[in-house]
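These notes concern the structure reproduced below.
As the structure is a prediction and not an experimental result, all values here were calculated from the model. Ligands are counted one by one from 1 in listed order, and the atoms in each one are counted from 1 as well.
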Amino acid sequence: MDICYTIKDVRERVNAWKREGLTVGFVPTMGYLHEGHKSLMESARANNDKVVVSVFVNPMQFGPNEDLESYPRDFEKDSALCESVGVDLIFHPEPEEMYADGFCSYVDMNGLTGELCGKSRPIHFRGVQTVVLKLFNIVKPDRAYFGQKDAQQLAVIKRMVKDLNVDTEIVGCPIVREADGLAKSSRNTYLNPDERKAALILSRSLKLGRELIENGETDSNAVIKAITDSINTEPLAKIDYVDVVDFDTITPVDRIGKSVLVAIAVYIGKTRLIDNFIIE
Ligand code: PAF
């Protein structure tokens, strides 16, 4: 497995693969890899000749009071996991490599980013889109793999690729959970033991919402209320949002039909966690 720190090095390797007619699967990450990332890498491994993983904590997608400085990092452990899955190349650039002096070009979107996480993280998706398009231009992947846990991000990237004619197939992969239901996330590491227990309220409340829908409820407000009431039973939880939106357009829906995303963001203590399910 190669580790590259510069754009030039990645391009040299990828161009050589492309000359041989090999396909490239790409998993963009911010590191501190867990089972969720592993499942993305395994899908990439199974469906492409070569697999590239980027490990880059992207400063541009963090707001001024967010956790950029404290975001967990462990590159040695990340490399070992990548190696165990059979990744061919890790791209691990410094911020200066990605954002050269005078950097001033961004990718932005008028739709999809105004709801859910976009409300409390107004610059987040601009940062995500910009870095993902840059990474796509560097790695030139045939397929790129994103987790459904960040469902809004997945929808935004799919839209960006469509709108800007990026020649990469976006593959969404299911949420990976701990045995007790908590969605895997690098940010789970911030939780102390009491908060870790309290965090189960997210998956439990979503399960309740899903059961309501499976039993015939089609009124979004009723589902939102049931999930909200359930989360509010946990004293350590503070709701950022509970919403029901169309999965493609990320706009609120009154009636639950197909392709609907039920998404929540909840603070457990100081840690903001997200989770969701999609009705296909
Ligand atoms: O999902 C993430 O880890 C990040 O948002 C991504 C896609 C790697 C862009 O920095």
_Side-chain touch Val171/Phe26, heavy atoms, less than 4.5 angstrom_ = no
*Determine whether Val244 and Leu261 make a side-chain contact, defined as any pair of heavy atoms from C-beta on separated by less than 4.5 Å.*
no
*Which residue holds the protein heavy atom closest to atom 3 (O) of ligand 1, what is that atom called, and what is the gap in Å?*
Met30 CG, 3.6 Å
_Give me the residue, atom name and distance of the protein heavy atom closest to atom 1 (O) of ligand 1._
Gln153 NE2, 2.8 Å
*Enumerate the residue pairs fulfilling salt bridge (charged side-chain N to carboxylate O under 4.0 Å, His left out) with a member in residues 143-162, sequence neighbours excluded, ordered by first and then second residue.*
Arg143-Glu169, Arg159-Asp163
Ligand-side contact atoms (ligand 1) for residue partner [X], heavy atom cut-off under 4.0 Å:
{"X": "Val131", "answer": "9 (C), 10 (O)"}
{"X": "Gln61", "answer": "4 (C), 5 (O), 9 (C), 10 (O)"}
{"X": "Thr29", "answer": "8 (C)"}

*asked:* Under 4.0 Å between a side-chain nitrogen and a carboxylate oxygen: does that hold for Arg45 and Asp88?
replied: yes
_Tell me if the aromatic rings of Phe56 and His92 count as close, with their centers under 6.0 Å from one another._
no
